[in-house]
2 protein chains.
Amino acid sequence: MAQKEDRRVRKTKEALRNGLLQLMQEKQINEITVKELTELVDINRATFYNHYHDIYDLFSSIEKEMYEEIQRTLDRYTLNKEVYQKRIHFPAEQSPLPLFLEIFNFLVENMEMCLFLLGDKGDSEFIEKVLNYGKHKYIKEWQKIYHVDNPELLDATYAFVASGFMGLIRYWLANGMKQSPQEMAVIAEKVILFSMKMFEK
Amino acid sequence: MAQKEDRRVRKTKEALRNGLLQLMQEKQINEITVKELTELVDINRATFYNHYHDIYDLFSSIEKEMYEEIQRTLDRYTLNKEVYQKRIHFPAEQSPLPLFLEIFNFLVENMEMCLFLLGDKGDSEFIEKVLNYGKHKYIKEWQKIYHVDNPELLDATYAFVASGFMGLIRYWLANGMKQSPQEMAVIAEKVILFSMKMFEK
DNA sequence: TCCGGCTTGTTGCTTAATCTACAAAGGTTT
DNA sequence: AAACCTTTGTAGATTAAGCAACAAGCCGGA
């Protein structure tokens, strides 16, 4: 499956993706026609149908790729006890944990899409899916590190932290992303790791 | 010949053109390899050879297209006596003749290429060719309007005006194009039409 | 309601771009 | 010189993108 994509396919899909995101900033997704999209990105309309069934199919594929990239990002960083302990009591002022930094950089790079997903008419299902993927991962991590075996506490803590994190991101996006990813990552690390103290004996 | 080019061809050539101009800002043309160009613009190297023999061939094609566009531009505007007379004595302060405006807009749109062509290692042959094309056209125009039949005077005047015009352009390019095309067109029209007074009885 | 115009999927066919591989030519380093 | 590495130009086979044309569906105005 992961056969390297043909250069033409890659470029075509990239163009369509960018074009759709551009159009989505101007109008609702249901107002966007295949015709105008293909004309905008200068690609034959028939070529569109070689890859996607309709606009929604294209949109879903963007979401899917984003989801997979988020998964890969989360999977890439697994914390151990030492780092947690150290960071909790001596939070880094300048150099946040790479995971947090990467998350905010990701938000910058996928700004248009994130603005939409988190907006009024966004896809809350998608957000749920992402948070749920993180849930299993981080609850397991916390269990290992803190030897907490109270499922309700773990679940509740994750619910709190995840929701708080999303709120932080929403605030940032809504206010024009004035802070740099670095600044945001430092803040996020602070507030999240602070919540971890709950698990300490 | 003027069969509409295939979308793929158009995009490929466009990418290669832009890529070459980009590379030419960094290094000499003889240091640029086909490999790095095709990698830069993300096109298969073999595709390059479908259209061009080598880097110089590509460059020539850019020059050629530019030359043809210049020709079309010059051909598009033919002045008559009334306009000349009116403009000479009441030069427009804000709205210059469309030809002049178009020339400076053209320079903006083809900035990189023009900076190169008019630079130290530029193509003075190309400049000569353009000026020579204008020569026949404008000398004829002037003859018609002013009934001057002194070939030496016409040639000399053209030599003066053309060289002056090029100097004006060089000055503008070399100084960062701070003036708008409109401003430059007004200035160009003034100094050029002023020279035309030479032909008046 | 019907019409006219536009968008939509879809198709057959054409053609350009891709990929891979190769030998040859330059240019560098040892 | 020899070994090495990179670029070059070319070729054959493959595949994606293009084009044109069509019926079908949608929609707004006459």
Side-chain angles (χ1 to χ4, degrees), chain A residues 1-66 68 116 121 123, chain B residues 1-66 68 116 121 123:
Chain A
M1 146 150 197
Q3 181 84 348
K4 212 170 158 193
E5 238 175 3
D6 187 286
R7 208 173 224 145
R8 290 166 293 185
V9 176
R10 179 164 47 73
K11 283 194 268 188
T12 296
K13 289 187 173 177
E14 183 68 19
L16 288 172
R17 256 196 294 274
N18 292 337
L20 181 57
L21 288 176
Q22 187 181 327
L23 288 175
M24 280 173 58
Q25 283 170 264
E26 302 164 15
K27 53 172 80 174
Q28 306 284 347
I29 194 167
N30 56 11
E31 297 172 313
I32 298 171
T33 69
V34 174
K35 188 170 185 291
E36 71 175 320
L37 172 59
T38 52
E39 277 174 359
L40 171 68
V41 301
D42 198 23
I43 277 176
N44 193 290
R45 197 164 52 83
T47 304
F48 176 93
Y49 293 106
N50 285 345
H51 301 287
Y52 308 104
H53 180 255
D54 55 23
I55 291 284
Y56 297 102
D57 186 29
L58 166 59
F59 178 78
S60 301
S61 86
I62 302 178
E63 262 193 338
K64 184 161 167 283
E65 275 208 13
M66 236 181 117
E68 288 165 354
F116 170 80
K121 316 224 168 185
D123 187 345
Chain B
M1 146 150 197
Q3 180 86 348
K4 210 173 164 189
E5 239 174 1
D6 187 286
R7 207 173 225 147
R8 290 165 294 183
V9 176
R10 179 166 44 76
K11 283 194 268 187
T12 295
K13 290 188 173 176
E14 181 69 18
L16 287 172
R17 257 196 294 274
N18 292 338
L20 181 59
L21 290 176
Q22 185 181 327
L23 286 175
M24 280 173 59
Q25 284 170 263
E26 301 165 16
K27 52 171 82 175
Q28 305 285 346
I29 193 165
N30 56 10
E31 297 173 312
I32 298 171
T33 68
V34 174
K35 189 171 184 290
E36 70 176 322
L37 172 59
T38 53
E39 278 174 359
L40 172 69
V41 302
D42 197 23
I43 276 176
N44 196 289
R45 195 164 53 84
T47 305
F48 176 93
Y49 293 107
N50 285 345
H51 300 287
Y52 308 104
H53 179 254
D54 55 26
I55 292 284
Y56 296 100
D57 186 29
L58 167 58
F59 178 78
S60 301
S61 86
I62 301 177
E63 263 192 337
K64 185 162 168 282
E65 275 207 14
M66 237 182 114
E68 288 165 354
F116 170 81
K121 318 224 165 184
D123 188 346

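All values reported here derive from a predicted model rather than from experimental measurement.
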Item to check | All side chain to side chain contact (heavy atoms under 4.5 Å, CB included) counterparts of A:His51, not counting sequence neighbours | outcome: A:Val9, A:Thr12, A:Lys13, A:Thr47

Next on the checklist: Output the rounded distance in Å from OH (B:Tyr56) to C1' (D:dT8).
Outcome noted: 14 Å

Checklist entry - Which ones in residues 45-52 of chain B lie close to DNA chain D, meaning a heavy atom under 4.0 Å from one of its atoms? => result B:Arg45, B:Ala46, B:Tyr49

Next on the checklist: My understanding is that only residues two or more places apart in sequence, or in another chain, count here; which of them pass side-chain hydrogen bond (donor to acceptor under 3.5 Å, both in side chains) with B:Asp42?
Outcome noted: A:Arg7, A:Arg10

Checklist entry - Among all residues two or more places apart in sequence or in another chain, which pass the salt bridge (Lys or Arg N to Asp or Glu O under 4.0 Å) test with B:Arg17? => result B:Glu14, B:Glu65

Checklist outcome for this item: Hits for salt bridge (Lys or Arg N to Asp or Glu O under 4.0 Å) against B:Lys11, two or more places apart or cross-chain, chain-then-number order -> none

Checklist outcome for this item: Per nearest nucleotide of DNA chain C, the residue lying toward the 5' end, A:Ile55 or B:Asn44, is A:Ile55

Item to check | Residue closer to the 5' end of DNA chain C, A:Arg8 versus A:Thr33 (nearest nucleotide) | outcome: A:Thr33

Next on the checklist: Restricting to side-chain hydrogen bond (donor to acceptor under 3.5 Å, both in side chains), what partner residues turn up for B:Gln22, sequence neighbours left out?
Outcome noted: none

Next on the checklist: If the condition is side-chain hydrogen bond (donor to acceptor under 3.5 Å, both in side chains), which residues does B:Lys35 pass it with, not counting sequence neighbours?
Outcome noted: B:Glu39

Checklist entry - Among residues 10-31 of chain A, which contact DNA chain D at a heavy-atom distance under 4.0 Å? => result A:Thr12

Item to check | Pairing residues for A:Phe116 by the side chain to side chain contact (heavy atoms under 4.5 Å, CB included) criterion, not counting sequence neighbours | outcome: A:Met24, A:Phe59

Item to check | Gap between atom CG of B:Asp57 and atom OH of B:Tyr49 - 0.5 Å precision | outcome: 11.0 Å

Checklist entry - Hey, what bend do you get for the helix from C:dT1-D:dA30 to C:dT30-D:dA1 if you fit axes on five pairs at each end, rounded to 10°? => result 40°

Next on the checklist: Can you tell me how far apart CG (A:Leu23) and CG (A:Asn18) are? Round to the nearest 0.5 Å.
Outcome noted: 11.0 Å

Next on the checklist: With heavy atoms of chain B within less than 4.0 Å as the criterion, where does contact along DNA chain C begin and end?
Outcome noted: C:dT15 to C:dC19

Checklist entry - What's the spacing between A:Thr38 OG1 and A:Leu16 CG if we round to 0.5 Å? => result 8.0 Å

Next on the checklist: Does anything in residues 19-32 of chain B form a salt bridge (Lys or Arg N to Asp or Glu O under 4.0 Å)? List the pairs, not counting sequence neighbours.
Outcome noted: B:Lys27-B:Glu36

Checklist entry - Once you round to the nearest 0.5 Å, how far does CD1 of A:Ile43 lie from CG of A:Asn50? => result 10.5 Å

Next on the checklist: Nearest 0.5 Å, please: how far is CG in B:Asp54 from CG in B:Leu58?
Outcome noted: 9.0 Å

Checklist entry - When all nucleic acid strands are considered with a 4.0 Å heavy-atom cut-off, which category describes A:Arg7: base, sugar-phosphate, or nothing? => result sugar-phosphate

